[in-house]
Amino acid sequence: MPKLKLLNLIKVRFLRGALNGINQSSVIASFEADSDGIPLPPAHAPLVATELSVHLDDLISDDSVTPSRADIILGVLRLTREILIDNKHISEQEPQILTVAEKGDSVVKVRSQLACLSEASFIAALKISDAILHHHLTTGETVSLQSPAFQQQNLTLRKFAPAGFNTSFILKEAQRKGVPWCHIAGNVYQLGVGIKARLFNSSETDQTSSIGTKLATNKLYAQEFLRKSGFPVVPSLSIQNSQDAKRAALQIGFPVVVKPQSAEGGKGVAALLDSEAEVEKAFNAAKKFSNSVLVEKHFAGNDYRIHVVMGVVQGIIHRNPASIVADGKHTIAELVAMENEDRRIATDDRKYLHAITINQEAERLLKRQNLTVDSTPQKGMNVALRAAASIATGGEPTQIEPSLIHPDNEKLCVDVCRLFRLDIAGVDLLIPDIQESWKTSGAHICEVNHKPQMFTTLFAPMLDQFFDKTAGRIPLWIVMEPPNGYPLSHQALKLLRAEHATVCWVSAEKRQVNGIKLSTAGSTLEAAQQAVLDTSVEALVVTINAACDLSDGWPFSYCDRFIEAHENNWQNEGKLERQRLRREIISTLNPSEIQVIDAQQGE
């Protein structure tokens, strides 16, 4: 059997908006196969965005492809979706075998949010699918995901994925809300268009104070800043050697906490230390992450992460230190392994939890509880494995309804973020009860996080805080008319300028704002890309003609109004080219309004 290329069998389109059974035709980008069968993505198209829809009739290119082969292709596509969306290291999972998914009656939809991926990662995923499909169709054998060829493509895939948990979920939520977005460089993405645009790097934005970030990153500076400003913080000392660490602990009074002065993610933090020997061990561990180490008084209380966005408390997480609940049958080592396996295969938010490890701190705490890793505690016993409530070291979060926070505690956290000039922050608050005022119970502001790791439910309210009902969009009109004075484009500009102070016009020759020429781009769509990134632009008119080259793809994912010159206004321009362009605009950008105007008659 000749080698079958995946793109010869399927027609893949990225669709905008949720499908949910609705017939959607808004295509964000179509990919054509090159001579090797690998798709060439548009260089400036919106990054892969949203639902992957595969129609059964598009799967079958000729009569020789049987339904069973279509089933195989669907299985491969579902596998591709899992690789792309879950963004997993396959090598970290148990060996898997490709299985064939069930077939629908007439239309099969592979649903997935693809907003977290670049075009390059999509290419890598298709290469993986192509190799698996070819192997299966030519040999009839199932394919192990542990094969060297698969692993190599998976590494290629991951290289192009956004860095970190926050970024992927921010992009997915932006796509769900209809907020346009594009990749800038590194892990920086723009959400919104023109004057509505904002830059995000994980949970940092273009408005996050760089000075506030430096203060928050250095725990000593942060505590000094808080203390001078009258906020509740425990005594602490910065030290550089183990002897000073022990002296500091004696001066402050046991129990104490030892942690790196500049480190994130709970690295090197040891809590509830009550001896000089424990302090020395903790210092040596913390020293690996920072030149200076903090020794501070241990504060007994519950650990809460308060998420504040633009002065509003949007989420509260109660962080519980890593622990396991005994079942009376298994050893602690076995219980930890079982818990880690449960987290690994979880389908809810528990799949994002870090594995629990048995380290020196765990052994120290077990000794306090008269246990070892080989002990079998009585049923129902909660066995502590960490003293610090860090999610990064295996702790487990519980969401708390924001309305339950005491007003004094809410104001405390909002004031802390205002002090550091942070628009997004996570305030780590130690307090006996979040519903009781800190003025009564006492509290300790443990840390201020300038780039907090966020819970999955917090991204929606965060973006609501940044973007109004326009979803980060500005009025965007496309005018298709021949280059003979552009009468329709001038009419569009006149209408928009009546309502907006700064209107940008893009054509094949130029990009101009309010009549002032700014640059000459290589193409209309290059100039449009420049306009999308221009934060002074309040409205945009893009003029194209039948010869417009779309090989680079659209630099935007929507269109409010599509204005097309009447057939009478065109002369020798190809009718087929105009029809192709019109279909591309309507199907890809899904304009809210379509007008056909005869410029010669002024209507």
Side-chain angles (χ1 to χ4, degrees), residues 203 208-209 211-238 252-253 255-266 269-272 290 293-321 387-392 395 397 400 402 404-454:
S203 54
T208 302
S209 166
I211 296 177
T213 293
K214 290 178 181 178
L215 288 170
T217 301
N218 188 302
K219 295 179 176 63
L220 176 64
Y221 294 170
Q223 290 207 1
E224 288 180 350
F225 194 24
L226 289 165
R227 186 176 292 109
K228 288 179 179 179
S229 302
F231 289 91
V233 290
V234 296
S236 64
L237 293 171
S238 176
I252 292 173
V256 296
V257 175
V258 172
K259 59 186 177 182
Q261 187 168 308
S262 299
E264 298 177 343
V269 177
L272 204 60
S290 177
V293 174
L294 284 183
V295 178
E296 65 182 31
K297 181 68 177 176
H298 180 88
F299 184 91
N302 286 303
D303 189 308
Y304 296 94
R305 165 68 61 86
I306 316 296
H307 288 271
V308 181
V309 179
M310 297 175 67
V312 177
V313 172
Q314 292 193 340
I316 302 173
I317 294 175
H318 180 204
R319 302 186 300 183
N320 302 290
S390 171
I391 305 303
I400 304 295
L404 295 178
I405 188 172
H406 191 281
D408 289 344
N409 301 336
E410 180 179 14
K411 184 177 186 302
L412 176 70
C413 295
V414 170
D415 288 348
V416 166
C417 296
R418 179 169 50 82
L419 178 71
F420 281 80
R421 281 76 165 173
L422 298 176
D423 55 344
I424 300 177
V427 179
D428 292 346
L429 182 66
L430 294 177
I431 190 170
D433 187 348
I434 197 68
Q435 299 185 63
E436 183 180 351
S437 172
W438 70 271
K439 297 177 181 179
T440 302
S441 67
H444 166 49
I445 298 173
C446 183
E447 292 181 18
V448 180
N449 298 270
H450 69 279
K451 191 193 295 184
Q453 192 83 336
M454 303 180 70

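Since we're looking at a predicted model, the values are computed, not measured.
None of H444, H318, H406 except one satisfies the ring pair (Phe, Tyr, Trp, His ring centres under 6.0 Å) rule with Y304; the exception is H318. Partner of Q223 under the side-chain hydrogen bond (donor to acceptor under 3.5 Å, both in side chains) criterion, out of K228, E447, E296: E296 alone.
For the atom pair D415 CG and E410 CD, the distance stands at 10.5 Å (nearest 0.5 Å). In this structure, CD1 in I317 is found 10.0 Å from CG in D428, a value given to the nearest 0.5 Å. Here L220 contributes atom CG and S290 contributes atom OG; the two are 10.0 Å apart, rounded to the nearest 0.5 Å. For the atom pair CG (N302) and CG (L429), the distance works out to 10.0 Å, reported to the nearest 0.5 Å. Note that the NZ atom of K259 and the OG atom of S236 stand 8.0 Å from one another [nearest 0.5 Å]. Interatomic distance, K297 NZ to I252 CD1, rounded to the nearest 0.5 Å: 8.5 Å.
Using modelled atom types, one side-chain atom of S203 and one backbone atom of P452 make a donor-acceptor pair closer than 3.5 Å. The backbone N or O of V234 sits less than 3.5 Å from a side-chain atom of R227, completing a donor-acceptor pair. At least one donor-acceptor pair closer than 3.5 Å links the side chain of S390 to the backbone N or O of A392. Not a single donor-acceptor pair under 3.5 Å links the side chain of N409 to the backbone N or O of Q435. In terms of modelled atom types and a separation under 3.5 Å, the side chain of D303 and the main chain of A388 share no donor-acceptor contact.
Between D408 and K411 there is no salt bridge, since no side-chain nitrogen of the basic residue lies less than 4.0 Å from a carboxylate oxygen of the acidic one.
A pairwise comparison of heavy atoms in I445 and F231 identifies CD1-CB, 3.9 Å as the closest pair. Pairing each heavy atom of G395 with each of P397, the nearest pair is O-CD, 4.1 Å. A387 approaches A271 most closely through the heavy-atom pair CB-O, 3.5 Å. Closest non-hydrogen pair, I316 versus P402, comes out as CD1-CA, 3.7 Å. When all heavy atoms are compared, the tightest approach of A425 to C417 is CB-SG, 3.6 Å.
The side-chain heavy atoms of H450 and T217, taken from C-beta on, include a pair separated by under 4.5 Å. When side chains are defined from C-beta on, L226 counts as touching V416, because their heavy atoms get closer than 4.5 Å. Side-chain contact between C446 and V257 is absent, with no heavy-atom pair separated by less than 4.5 Å. Between I434 and I306, the closest side-chain pair of non-hydrogen atoms falls below 4.5 Å. The closest side-chain heavy-atom distance from D433 to S441 is not below 4.5 Å. By the 4.5 Å heavy-atom criterion applied to side chains, R305 and I391 are not counted as neighbours.
Remark: S238 engages Q261 in a side chain to side chain donor-acceptor pair (under 3.5 Å) (not counting sequence neighbours). Here F225 pairs with F420 under the ring pair (Phe, Tyr, Trp, His ring centres under 6.0 Å) rule; sequence neighbours left out.
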**Request:** Please report the C-alpha distance between L412 and V427 in whole Å, then the side-chain angles of each, then the deciding distance to 0.1 Å, and finally whether the side-chain contact (heavy atoms from CB on, under 4.5 Å) criterion is met.
**Result:** CA-CA 10 Å; L412 176 70; V427 179; over 6 Å; no

**Asked** Between T208 and T213, does a side-chain contact (heavy atoms from CB on, under 4.5 Å) hold up when you go through it step by step?
**Response** CA-CA 8 Å; T208 302; T213 293; 3.6 Å; yes

